[in-house]
Amino acid sequence: MIKTIEWKDDCVQIIDQNALPNELKIIRCEDYERLAKAIECMEIRGAPAIGVAAAMGIALAAKKCSSKDELQVSLEAAHNRLRSTRPTARNLFWALERMRRIWKDLLDETAENLKEKIINEALAIAEEDVSVCKAIGENGADLISDGDGILTHCNAGALACVEYGTALGVIRTAFKDGRKFIVYASETRPLLQGARLTAFELKHDGIPFRLITDNMAAYVMKKGLVKKVIVGADLITRQGYVVNKIGTYGLAVLAKHHDIPFYVAAPLSTIDLDRSPESVVIEERAPSEVTHVRGVRIAPDGTEVLNPAFDLTPGHLVSAIITEFGVTRPPYDLSVLFRNGGDRINRIVD
Ligand code: MRU
């Protein structure tokens, strides 16, 4: 399977997710501005993937510089531009902070050494994403049993990461382990990441699934078809509040009502220990995403719209959070995970 994002021949290659599932189109980004635009218009999307894209955007900016003065100016400009692309996903800010530490900590290095270290850090972030997703998959797979129906929302798969995925990583590992289950993928209006991307991935891997529209969730739960819900996350607060694609909160409430476990799979880079639920910034996207479907108008001209891209699910509705360090259950104090994560994670939260 092609990687969602890859550093190739000194350029960044991404799969154009707006073209899927009809066309598998690759976009070559030669500068950070092109990557910033790709994040904004969601040619690349999903929290871990946009974190990697931001890191690689910094690496592209570094590549073009020839002096240390130029590096300092250009890297700050790239950092600010990439930070402004989307406001909610923690991984974007996490990756940019991690990249910034390189050029702030290594002021004595030559320009060439600094450039090399910046590019290597971006590549490391991309490589770690793959191993972290596989660890999440291993840690969560045992939560899935033979005969389960598993509902997932949006796309928390390979396309939302470098490869493999978080929520779909758990599903992939359980499937590879030979477990027999069926996935219910909700289409995820307005941009249909479930219908276009999750269905694409599940079909590619031969994992049995049914696509449902968002308003069918209560019905399939009531019918007893859903035994577990597994979703990804864009941001998790210290106490386990989960910010994820709009509709996630509704699914968590429904799952609670029907006594169905509700799991969240995410890397530690999605957790922000300093973030209170009140300070979460929920992205508002263009009205045309709601008034149109794939370019076709479905609402009267001039219709006013509300289009929040994410919602917040309180920790008491979340049965467990699956990370690369294991499965944590309420009451959540996720700072414990960071302490257990050792040096690598301490470096991330410093
Ligand atoms: O607006 P998107 O498509 O970037 O939103 C993506 C999601 O909400 C995903 O569920 C989340 O990023 C988890 S991805 C592993």
Side-chain angles (χ1 to χ4, degrees), residues 4-5 14-18 20 38-54 85-95 126 128-130 132-137 140 151-172 183 185-201 214 229-236 241-252 262-272 280-286 289-290 307-313 318 321-324:
T4 301
I5 177 163
I14 60 170
I15 295 178
D16 179 357
Q17 302 199 31
N18 288 334
L20 285 172
I39 297 171
E40 278 167 349
C41 75
M42 295 176 63
E43 287 163 334
I44 185 157
R45 38 63 55 199
I50 64 176
V52 172
T85 50
R86 293 193 74 189
T88 306
R90 168 66 186 151
N91 309 60
L92 178 83
F93 304 100
W94 168 84
E128 281 169 29
D129 184 73
V130 179
V132 159
C133 282
K134 297 230 164 113
I136 290 172
L151 194 148
T152 189
H153 188 54
C154 193
N155 172 267
L159 290 162
C161 304
V162 173
E163 58 178 61
Y164 213 68
T166 55
L168 280 196
V170 172
I171 289 169
R172 278 201 163 94
V183 177
S186 52
E187 63 171 353
T188 318
R189 270 285 279 151
L191 293 181
L192 301 168
Q193 290 93 328
R196 297 187 300 105
L197 309 177
T198 299
F200 176 82
E201 288 194 37
D214 297 325
V229 180
I230 307 183
V231 297
D234 282 79
L235 166 64
I236 303 176
Y241 278 79
V242 173
V243 182
N244 192 48
K245 180 53 56 195
I246 190 78
T248 303
Y249 172 51
L251 291 174
F262 185 91
Y263 299 122
V264 174
L268 260 62
S269 50
T270 301
I271 300 169
D272 187 350
V280 170
V281 180
I282 300 288
E283 179 181 13
E284 286 273 345
R285 292 190 60 87
E289 292 181 355
V290 178
N307 188 15
F310 302 96
D311 59 26
L312 222 144
T313 299
V318 178
I321 297 175
I322 309 156
T323 74
E324 65 270 40

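Remember, it's a predicted structure, so these values are computed and weren't measured experimentally. What you see below is based on every heavy atom in this structure, not just the backbone, and it leaves out hydrogens, waters and symmetry mates. Ligands are counted one by one from 1 in listed order, and the atoms in each one are counted from 1 as well.
Judged by distance alone, with hydrogens and angles left aside, the side-chain atoms of Thr4 form a donor-acceptor pair with the main-chain N or O of Cys161 at under 3.5 Å. The main-chain N or O of Thr88 is never found under 3.5 Å from a side-chain atom of Asp234 such that the two would form a donor-acceptor pair. The main-chain N or O of Leu197 is never found under 3.5 Å from a side-chain atom of Gln17 such that the two would form a donor-acceptor pair. When atom types are taken as modelled, the side chain of Arg86 and the backbone of Ile39 share no donor-acceptor pair closer than 3.5 angstrom. Distance alone, capped at 3.5 Å, is enough to place a donor-acceptor pair between the Thr188 side chain and the Cys154 backbone. Under the 3.5 Å distance criterion, the side-chain polar atoms of Arg285 are left unmatched by any main-chain donor or acceptor of Val290.
No hydrogens or angles considered: a donor-acceptor pair under 3.5 Å links the side chains of Asn155 and Arg45.
Here's the thing with Gly46: one of its N/O atoms is less than 3.5 angstrom from an N/O atom of ligand 1. At least one N or O atom of Ala47 sits closer than 3.5 Å to an N or O atom of ligand 1.
Residue contacts with ligand 1 include Met42, since one or more of its heavy atoms lies under 4.0 Å from the ligand. Heavy-atom separations between Asn155 and ligand 1 include at least one value shorter than 4.0 Å. Under the 4.0 angstrom criterion for non-hydrogen atoms, Ala89 is not in contact with ligand 1. Taking 4.0 Å as the cut-off, Arg86 counts as a neighbour of ligand 1 on heavy-atom distance. Under the 4.0 angstrom criterion for non-hydrogen atoms, Ala233 is in contact with ligand 1.
At a 4.0 Å heavy-atom cut-off, ligand 1 touches Lys245 through backbone and side chain alike.
The protein heavy-atom contact nearest to atom 8 (O) of ligand 1 is Asp234 OD1, 2.8 Å. Nearest non-hydrogen protein atom to atom 14 (S) of ligand 1 is Ala160 CB, 3.4 Å. Atom 6 (C) of ligand 1 has Arg45 NH2, 3.5 Å as its closest protein atom, hydrogens excluded (heavy atom only). Counting only heavy atoms of the protein, atom 15 (C) of ligand 1 lies nearest to Thr166 OG1, 3.0 Å. For atom 10 (O) of ligand 1, the closest non-hydrogen atom on the protein side is Asn244 OD1, 2.8 Å.
Contact atoms of ligand 1 toward Gln193: 1 (O), 2 (P), 3 (O) (distance under 4.0 Å to a heavy atom of the residue). Those atoms of ligand 1 that come under 4.0 Å of a heavy atom in Ala156, given as number and element, are 14 (S), 15 (C).
At least one side-chain heavy atom of Val243 sits less than 4.5 Å from a side-chain heavy atom of Ile282. With a 4.5 Å cut-off on side-chain heavy atoms, Val162 and Pro48 do not count as touching. Looking at heavy atoms from C-beta onward, Ile271 lies out of side-chain contact with Arg90 at the 4.5 angstrom threshold.
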